[in-house]
Structures are given as C-alpha cells and as structure tokens.
Amino acid sequence: MNINRLLVLFCLLVHSHAYALESPNTLGLNDLLALSLEELLDVKVVTIATGKQQSQIEAPAITTVITAADIEAIGATDLDQVLETVPGLHVTYSATFNNPSYVIRGLYSTDNPEVLMLINGIPVKQLYSGNRGNAWGGMPVNGIARIEVIRGPGSAVYGADALSGVINIITKTKADIEGTEFGVRTGSFDTQDVWALHGGSYYGFDVAAMIEIHDSDGYQAIIAQDLQSQLDQRQGTNVSLTPASMNNERRNLDARIDISKQRWRLRAAYQGRDEMGVGIGAGGSLDTIGAYQNERYNLDLTYHNPQVTRYWDVMVQAYINENRLKPDPYLQIAPSNVVTRRGIVKDGFRLKSSKNERASGLMLGSFYSGFDKHLLRLGAGFTYSDLYEVSHFQNYGVNPVTNRPLPIDSGFVDFSGTPYAFIIEGDRKNLYWFVQDEWQLAEKWTLTTGLRYDDYSDFGETWNPRLALVWQATDDLSFKALYGEAFRAPSFVELYNTISNRGESISRSEYVEVRPEKMRSYELGLSYKLRPDIRTSLNIYQFKVKDNIAFAPITPALQIAQNVGQRKGRGIELETYWKVASNLTLLGNYAYQRTLDEQSHRLGGAPRDQVYLRADWQFIKHWYLNTQLNWVGDRDRRYTDARQPVDDYTSVDLTIRRKGLNQNWDFAFSIRNLLNEERREPTSGFEDVVTGLISIPNDLPLPERSVYVEARYRY
C-alpha cells in the first residue's frame with residue numbers, strides 16, 4: 001500500500017475546489033436531541049426492506065436504522081461497536097483470527113456466513129468461506145452515512161446468505177459531508193487514527209472523498225493455555241508459547257470516492273490490511289509471528305432514472321470487487337520444536353497459502369406504479385465469482401508427489417494445484433430474477449408479496465418467497481405479520497474440501513452434493529406510542545432451518561461437509577425510545593432467543609439474553625454526554641462441550657463531546673468498559689480432529705478498560 005501517494009492525491013482534491021459547498025442533508029449530532037420523537041422517526045427511514053424509502057413502522061420487515069449522528073454520539077470507532085447496539089445482534093469473535101461474527105437471533109457458526117453484509121447494496125462475501133473473509137479487519141465509521149439492518153430472512157430481496165439477517169452500510173456522499181473534515185484519534189493499545197473527508201462540486205460533478213489510516217497493536221490479552229500447552233501436559237514437553245499475548249495488531253488503510261452527476265453515480269473503494277495479526281493462530285496454538293496482508297478493490301457504476309416514463313422508475317447497476325489475500329511471512333500452525341510421532345520438528349508446522357477472488361455483477365431493477373393501489377418492483381441480474389491464483393506451501397503433511405509423509409524439517413513444499421491444496425480454484429455463476437408487489441388493500445392495510453429465483457452453476461436452483469401484512473390501526477398503533485424464506489449457499493470449503501485425521505484440509509477427489517441451508521420464518525411485530533414522548537415496539541419470531549451444513553465424519557479418519565439435520569429458534573425483541581426532555585433522550589432494548597438443533601440440544605455460542613441501554617444528554621450548550629450499558633447473559637455451551645457456561649458481563653461506555661469550539665473544532669473523550677469488567681467470548685468448543693482437545697479452553701478475553709481522545713476540524 002502506497003499510503004503517502006494516496007494522501008497526496010486526497011490533499012490535491014481537497015484544496016483545488018472552487019465552488020460553494022451545499023448544506024448536508026443528514027441528521028447531525030447537534031440535531032439529534034432537538035428533534036421530537038415523531039421527527040426522529042420520520043428521519044430514520046429505510047430502503048432495505050423493499051428498495052424504496054419508507055418509515056420503519058411501514059416497512060414489511062423488522063429493521064434497525066443507525067445514523068451518522070448515532071455513531072458520533074456513542075463514540076464508536078469501528079463498525080463492530082455500532083452493530084452491538086442492534087436488538088438481537090451480538091458481536092462475538094473467533095479465536096483463530098480474532099474476526100468479528102455478527103450473530104443475529106442466535107444463529108451462530110464459526111465463519112458467520114448466515115449474515116449477508118452489503119456496502120451500498122453490493123454484497124461483501126467470499127466464495128472460499130462464504131463470509132467477509134479471514135482478513136476483514138473491521139471497518140472505520142467516519143465515512144458511514146447510515147446503517148440499515150434487517151433482523152430475519154432477506155433472500156426474497158437479496159438472495160444467498162441473507163438467512164438470519166442483512167446489514168447494509170451506506171457510505172457518505174457529497175450531501176452528507178460538511179465541506180472538509182480532518183480528524184485524529186489516539187488511545188489505548190498504542191492506537192492512532194487519522195482521517196479526512198471532503199465533499200464538493202467540480203465542473204458539474206458532486207464529489208465525496210474519504211480516507212482513514214488506522215494503526216494499533218490491539219488488545220494484548222494474555223493467553224494462559226492453548227492447544228499446544230494441553231499437548232505438553234500429555235507428553236511431558238514444554239514447547240507452547242503460552243502464557244503470552246495474542247497477536248492482534250492492525251495496520252489499516254481505507255479510502256473511498258463517490259462521484260455523481262444527474263442520474264449517474266460512480267463509486268470506488270480500497271481497503272488495505274497490512275501486518276494484520278492472526279489472533280490466537282490458525283492452528284489453535286499461539287502464533288506470535290503470523291500475519292496477513294489483504295487488499296480489496298471495489299468499483300460500481302449506477303444509473304437511476306426515477307421517471308423513464310410516467311409509471312416506470314428504472315435503475316441499472318454494475319460492479320466488480322477484487323480481493324487479494326496472502327500471509328506475511330507465514331502462519332505458524334504449531335510452534336518450534338513440536339513433538340510428533342516421528343520426532344521433533346525444529347521449525348514447527350508452517351503454512352503459506354494465498355488466494356485471489358473476483359466478483360462481478362450486473363443488476364436491472366424497476367418500479368412500476370401504473371396499477372391502481374399496487375406498486376410493482378421487478379428485477380433481474382447475473383453475478384460471476386472466481387477464486388483463482390491459489391498457492392499453498394507448507395513444511396508438513398503428505399508429499400503431494402509421492403503420497404508419503406514429508407521428512408521432518410524438509411522446508412516448504414509446493415502443494416498448489418494438488419489434491420492436498422487447501423482449496424481448489426473455481427468459479428460460480430448466479431442468474432436471478434425477482435418480483436415484488438406492494439398492495440394497498442385498504443386505507444390502513446398494506447400487503448407486500450415477493451418471490452426471488454436463483455440459479456447457481458454449482459449447486460442448482462432455489463425459490464424464496466415472502467409475505468408481509470402491515471396494519472396501521474391508529475396513528476399510535478401498528479401491527480406486522482411476516483412470513484419469509486431464505487437460504488445460505490454452501491461455500492467452496494464446504495463443497496470441495498474434507499478434513500483428514502491429521503487436521504489438514506484436503507480437496508475432495510470427487511464432487512459430493514451439498515444442498516443450501518433453507519429457512520422458514522414467522523414474525524409478529526407491534527409498535528405503540530404510549531405517550532407523545534414514548535414509543536415502544538415488540539417483535540416475536542420463530543424459525544426453522546433445514547439442511548444445516550456442517551462437517552461430520554464419514555469414516556474415523558475423515559470429515560466432510562454434509563446436510564445434517566435442522567435448527568429451530570424462537571425469541572422476542574423489545575425496544576423503547578423515550579424523549580425525556582428537550583436535552584435528554586433514553587433508549588433501550590431487550591432480546592431473548594432460544595436456538596436448538598433437531599434433538600432439542602442447545603447450539604451455544606450466542607447469548608440467550610441481551611440488554612442495551614443508552615442515554616444522550618446535552619448537559620451544557622455544545623457539551624454532550626453519552627452513556628451506554630450492554631449486558632450479555634446466559635451463554636450456553638454446545639451440548640457436546642462439558643465446560644462451565646461463560647460468565648455474564650456488563651460493559652459500560654462513556655463519551656463526552658464538545659461541539660463547535662471556535663466554530664470549527666470538535667473534541668471527544670471516550671472510555672470503553674468503564675468498570676474494567678473481565679469479559680470473555682466463548683470459543684466454539686470445536687474439538688481438534690487429531691487430539692479431541694478444545695484449542696482455547698479458557699475462552700477469548702475481550703479488551704479491558706480503554707481510553708480514546710479525538711479531535712476533528714471542519715471547514
């Protein structure tokens with residue numbers, strides 16, 4: 001990454017403008033407390049439910065909207081901190097790469113492919129594991145205009161992987177940025193952030209540009225025991241690196257540009273992750289050396305004509321995403337001097353694997369309003385995804401040429417293009433169409449129906465319908481009844497890999513059918529304004545997922561991904577918003593879920609109960625205080641995991657912000673985990689294929705109390 005060159009280009013853009021800037025059209029922190037309850041609800045419209053703007057009360061889905069003002073108020077520095085405020089959504093982390101998983105309504109899995117993430121409506125996912133990638137590394141929030149979340153199925157609109165929810169991140173345009181902003185932040189874990197935003201007009205084009213650099217050592221949690229330390233106890237050896245700190249460093253660069261003119265919009269983005277630590281390590285034993293380099297390039301072009309004819313609103317969008325991943329310098333799967341049946345391996349087990357992925361798509365969508373009391377939405381599209389330039393080097397395992405074990409300390413051997421490579425190269429094509437009808441049954445009744453068809457080149461076709469009835473009973477009371485189906489596409493790892501009794505990933509010798517996971521969901525929603533200053537909502541849901549995909553043994557020596565049984569869940573979500581006074585707002589939510597397998601065994605990995613409370617208070621003119629409380633409770637283990645349940649925890653965050661000092665300066669001081677409570681996220685309970693041991697038996701420690709100071713300058 002050439003950071004200096006990008007900064008120079010950005011500064012040239014900022015200082016060359018010669019046109020007056022328009023006023024922003026988004027809600028700012030100064031306005032957040034000034035709005036009445038109804039005014040705030042009017043501002044928080046959603047497009048994620050149907051493709052058109054509508055209030056959350058009218059939307060035929062259970063949604064959450066988080067604005068840039070909300071993000072600023074809570075002092076969030078990364079997307080994960082924002083999403084933890086959503087009812088029924090819990091952010092947990094993987095032990096191997098310290099990657100975030102966004103668990104919605106209790107549907108937990110290690111790779112988290114059941115939640116679809118979009119940036120400006122374009123999917124962020126990979127063929128390899130079906131998720132955002134091992135080097136996702138979070139996302140800065142200064143360039144985010146709003147975040148819209150569907151809790152529940154979304155495949156009737158968005159297709160694959162919108163199983164338990166959809167997260168759409170909408171980035172800022174020229175209208176969302178007040179001229180030019182520069183910001184700096186410093187804080188715990190040797191964290192330094194620098195960012196700049198600019199919005200202006202050039203020769204008839206509206207331009208928004210954003211860049212942010214993040215540098216942090218990350219939370220250096222001490223890991224007392226890992227997989228190797230347990231093996232040491234069995235073998236009487238002492239080669240584990242524990243106790244030692246996790247490898248959580250981050251060197252991130254994020255840059256975006258948004259150019260629009262009349263009906264056209266062009267967006268380009270770059271996300272670079274350099275020296276990204278691997279958390280615990282890829283092999284379940286502490287790796288203090290391994291790191292990743294990851295580069296993502298995104299380009300999309302949109303044409304939107306809201307009135308092609310009297311009744312037709314048409315949009316065409318094309319995009320291409322590139323993702324390049326490689327280790328730096330290698331991953332230490334097992335530590336130096338590890339003892340094996342064949343002797344001591346001086347260098348330990350080392351792995352260098354890299355891959356590139358490219359995804360491109362074309363979508364045509366339209367609204368037709370020519371029928372009385374009906375609004376039709378029609379669409380069709382094609383996506384092509386390609387996993388290519390796979391390389392795989394390691395110093396252990398079976399020689400891919402002789403099929404005999406490699407000599408001890410033989411050095412790196414090239415496994416690329418052999419049956420022993422960590423994944424095969426391949427591609428996936430998807431042709432789809434969808435139709436949606438919004439029917440005004442009566443003055444206060446709206447029925448939304450929809451159907452989407454997807455045809456995949458590697459596992460077949462799938463149909464996903466939806467049905468939603470919304471009744472605005474009175475000005476203060478509304479009801480929703482929702483039915484939806486969704487699916488999760490099997491990833492390439494699940495389609496083409498096995499796990500051998502050596503713990504290695506080996507490509508399948510022949511194709512074995514794996515069907516997509518399918519969900520059916522039923523939801524009831526109620527929204528009621530108790531008083532002009534208090535509104536509350538209650539959601540009740542139940543779902544069933546069949547053809548659950550999981551690795552399961554087919555012989556004592558081999559595991560393979562199969563459709564094994566089903567999962568079912570139910571829960572409630574309660575939200576309340578209270579405008580206490582003109583300078584004080586309180587909001588909170590409670591979520592309960594219970595998710596089981598077909599034998600009524602608990603799935604584990606997600607909290608059964610969550611409570612979130614937030615207070616926004618303007619205690620003096622230009623001074624704002626935000627307090628958050630997040631209680632996470634009742635986290636069961638999987639029924640096969642004999643360990644004690646993970647302890648509940650309460651996290652309290654505090655942010656004080658001074659706005660408009662000398663009109664241009666803003667300052668903020670934040671404390672996260674104010675009470676310095678010990679918090680841990682459960683490790684999955686996955687047993688090592690060879691040993692049967694749980695890699696991190698004491699679970700994953702979360703950051704202790706941390707402090708951040710930031711300054712922003714706007715002009």
Side-chain angles (χ1 to χ4, degrees), residues 47-48 66 78-80 82-83 86 89 91 93-94 97 99-104 109 111-141 143-150 154-155 157-172 210 212 214 252-258 267-273 276 292 294-302 317-325 355-363 381 383-387 428 430 432 486-489 491-493:
T47 59
I48 194 173
I66 304 165
D78 187 84
L79 176 66
D80 299 348
V82 180
L83 294 179
V86 176
L89 191 159
V91 181
Y93 296 87
S94 68
F97 298 104
N99 251 336
S101 291
Y102 307 127
V103 183
I104 299 178
S109 65
D111 289 329
N112 195 218
E114 55 278 318
V115 175
L116 177 63
M117 176 170 285
L118 312 169
I119 297 181
N120 297 315
I122 296 173
V124 181
K125 61 181 180 181
Q126 295 191 347
L127 286 175
Y128 175 68
S129 56
N131 62 5
R132 296 159 294 281
N134 289 334
W136 164 246
M139 181 175 178
V141 296
I144 295 176
R146 60 198 290 111
I147 301 170
E148 299 180 359
V149 181
I150 289 179
S155 290
V157 180
Y158 297 103
D161 307 324
L163 194 75
S164 64
V166 182
I167 301 168
N168 188 25
I169 300 164
I170 302 167
T171 58
K172 290 180 178 178
M210 297 150 272
E212 178 158 351
H214 171 74
N252 296 353
L253 170 62
D254 291 75
R256 296 183 181 276
I257 188 166
D258 182 298
R267 299 187 185 98
Y270 172 81
Q271 293 176 281
R273 305 293 182 256
M276 180 178 169
Y292 270 123
N294 183 227
E295 292 185 305
R296 300 171 188 249
Y297 302 88
N298 311 101
L299 183 69
D300 64 87
L301 178 65
T302 303
Q317 185 177 68
Y319 70 87
I320 183 166
N321 299 335
E322 180 86 11
N323 193 318
R324 301 173 182 175
L325 176 71
K355 63 180 179 65
N356 293 342
E357 291 199 28
R358 181 180 297 120
S360 55
L362 177 66
M363 191 275 285
T383 62
Y384 175 75
S385 302
D386 185 20
L387 192 158
R428 170 178 287 173
N430 173 215
Y432 64 89
F487 75 103
R488 177 177 84 78
S491 69
F492 269 30
V493 166

*Asks:* Could you tell me which residues satisfy ring pair (Phe, Tyr, Trp, His ring centres under 6.0 Å) with Tyr102, sequence neighbours excluded, listed by chain and number?
*Replies:*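 Tyr102 satisfies ring pair (Phe, Tyr, Trp, His ring centres under 6.0 Å) with no other residue.
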*Asks:* Within the 4.5 Å heavy-atom criterion, are Leu83 and Ile147 side-chain neighbours or not?
*Replies:*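 Yes, close enough: below the 4.5 Å cut-off.
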*Asks:* Over all heavy atoms of both residues, which pair between Asn131 and Asn112 is shortest? Give the atoms and the distance, please.
*Replies:*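 Answer, listing the atom of Asn131 first, then Asn112: CB-O, 4.1 Å.
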*Asks:* Considering non-hydrogen atoms only, spot the tightest contact between Val166 and Gly154 and give its length.
*Replies:*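 Nearest pair, atom of Val166 first, then Gly154: CG2-CA, 4.2 Å.
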*Asks:* Can you tell me how far the CZ atom of Arg273 sits from the CG atom of Leu325, to the nearest 0.5 Å?
*Replies:*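 The CZ atom of Arg273 sits 12.5 Å away from the CG atom of Leu325.
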*Asks:* Residues in ring pair (Phe, Tyr, Trp, His ring centres under 6.0 Å) with Phe487, at least two apart?
*Replies:*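 Ring pair (Phe, Tyr, Trp, His ring centres under 6.0 Å) list for Phe487, sorted by chain: empty.
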*Asks:* Show your working on side-chain contact (heavy atoms from CB on, under 4.5 Å) between Asn298 and Tyr319 and close with a plain yes or no.
*Replies:* CA-CA 7 Å; Asn298 311 101; Tyr319 70 87; over 6 Å; no
*Asks:* So do the side chains of Met117 and Ile169 get within less than 4.5 Å of each other, counting heavy atoms only?
*Replies:*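 Answer yes - side chains close enough.
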*Asks:* So, Glu114 side chain and Arg488 main chain: donor-acceptor pair closer than 3.5 Å or not?
*Replies:*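 Flag not set: sc Glu114 to bb Arg488 has no pair under 3.5 Å.
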*Asks:* I need the Asn430 CG to Thr383 OG1 distance, nearest 0.5 Å.
*Replies:*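 Reported to 0.5 Å precision, the distance equals 4.0 Å.
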*Asks:* When rounded to the nearest 0.5 angstrom, what is the spacing between CG in Asp80 and OH in Tyr93?
*Replies:*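 Going from the CG atom of Asp80 to the OH atom of Tyr93 covers 4.0 Å.
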*Asks:* Quick check: closest heavy atoms across Val86 and Ile66, and the distance to 0.1 Å?
*Replies:*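 Scanning both residues, the minimum pair turns out to be CG2-CD1, 3.8 Å.
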*Asks:* Let me see the working for His214 and Asp254 under side-chain contact (heavy atoms from CB on, under 4.5 Å), right down to the final yes or no.
*Replies:* CA-CA 9 Å; His214 171 74; Asp254 291 75; over 6 Å; no
*Asks:* Under the ring pair (Phe, Tyr, Trp, His ring centres under 6.0 Å) test, which residues partner Tyr128, sequence neighbours left out?
*Replies:*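 Tyr128 satisfies ring pair (Phe, Tyr, Trp, His ring centres under 6.0 Å) with Phe422 once adjacent residues are dropped.
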*Asks:* Would you say Asn294 and Arg296 are linked by a side-chain donor-acceptor pair, where the criterion is simply a distance under 3.5 Å?
*Replies:*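 Per modelled atom types, Arg296 and Asn294 side chains form a pair under 3.5 Å.
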*Asks:* Does Ile122 form a side-chain contact (heavy atoms from CB on, under 4.5 Å) with Asn321? I'd like the steps, not just the answer.
*Replies:* CA-CA 9 Å; Ile122 296 173; Asn321 299 335; 3.7 Å; yes
*Asks:* List the residues meeting side-chain contact (heavy atoms from CB on, under 4.5 Å) with Asn99, not counting sequence neighbours, and say none if there are none.
*Replies:*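 Partners of Asn99 by the side-chain contact (heavy atoms from CB on, under 4.5 Å) criterion, ordered by chain and then number, come out as Ser94, Phe97, Asn134, Trp136, Met276.
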*Asks:* Mind running side-chain contact (heavy atoms from CB on, under 4.5 Å) on Arg428 and Phe492 for me, showing each step along the way?
*Replies:* CA-CA 9 Å; Arg428 170 178 287 173; Phe492 269 30; 4.1 Å; yes
*Asks:* In the structure I gave you, are the side-chain heavy atoms of Ile119 and Arg267 within less than 4.5 Å of one another anywhere?
*Replies:*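 No, too far: nothing below the 4.5 Å cut-off.
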*Asks:* Once salt bridge (charged side-chain N to carboxylate O under 4.0 Å, His left out) is applied, what residue pairs with a partner in residues 127-141 remain, sequence neighbours excluded?
*Replies:*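 For residues 127-141, and leaving out neighbouring residues, there are no salt bridge (charged side-chain N to carboxylate O under 4.0 Å, His left out) pairs at all.
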*Asks:* Could you check whether any side-chain heavy atom of Arg358 comes within less than 4.5 Å of a side-chain heavy atom of Arg324, counting everything from C-beta outward?
*Replies:*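 Contact flag for Arg358/Arg324 side chains = no.
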*Asks:* With distance as the sole test, does Asp78 use its side chain to make a donor-acceptor pair with the main-chain N or O of Met139 at under 3.5 Å?
*Replies:*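 Yes; at least one donor-acceptor contact below 3.5 Å.
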*Asks:* Can you name the side-chain hydrogen bond (donor to acceptor under 3.5 Å, both in side chains) partners of Thr47, sequence neighbours left out?
*Replies:*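 Per chain and number, Thr47 pairs via side-chain hydrogen bond (donor to acceptor under 3.5 Å, both in side chains) with Glu148.
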*Asks:* Can you name the closest pair of heavy atoms from Ser385 and Ala359 and give their distance?
*Replies:*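 Between these two residues, the closest heavy atoms are OG-CB, 3.9 Å.
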*Asks:* Where do Val91 and Pro100 come nearest, in terms of heavy atoms and distance?
*Replies:*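 Between these two residues, the closest heavy atoms are CG1-CB, 4.1 Å.
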*Asks:* Using a 4.5 Å cut-off on heavy atoms from C-beta on, say whether the side chain of Met363 contacts that of Tyr432.
*Replies:*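 Tyr432 vs Met363: side chains touch.
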*Asks:* Check whether any side-chain heavy atom of Tyr384 lies under 4.5 Å from a side-chain heavy atom of Leu362, and answer yes or no.
*Replies:*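 With C-beta onward as the side chain, the pair stays apart.
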*Asks:* Write down the atom of Lys172, the atom of Met210, and the distance for their closest heavy-atom approach.
*Replies:*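 Minimum heavy-atom contact is O-CE, 3.5 Å.
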*Asks:* Can you find a pair of side-chain heavy atoms, one from Asn120 and one from Ile170, that are under 4.5 Å apart?
*Replies:*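 Asn120 vs Ile170: side chains touch.
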*Asks:* Could you grab the distance from atom OG of Ser164 to atom CG of Leu116, nearest 0.5 Å is fine?
*Replies:*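 These two atoms lie 10.0 Å from each other.
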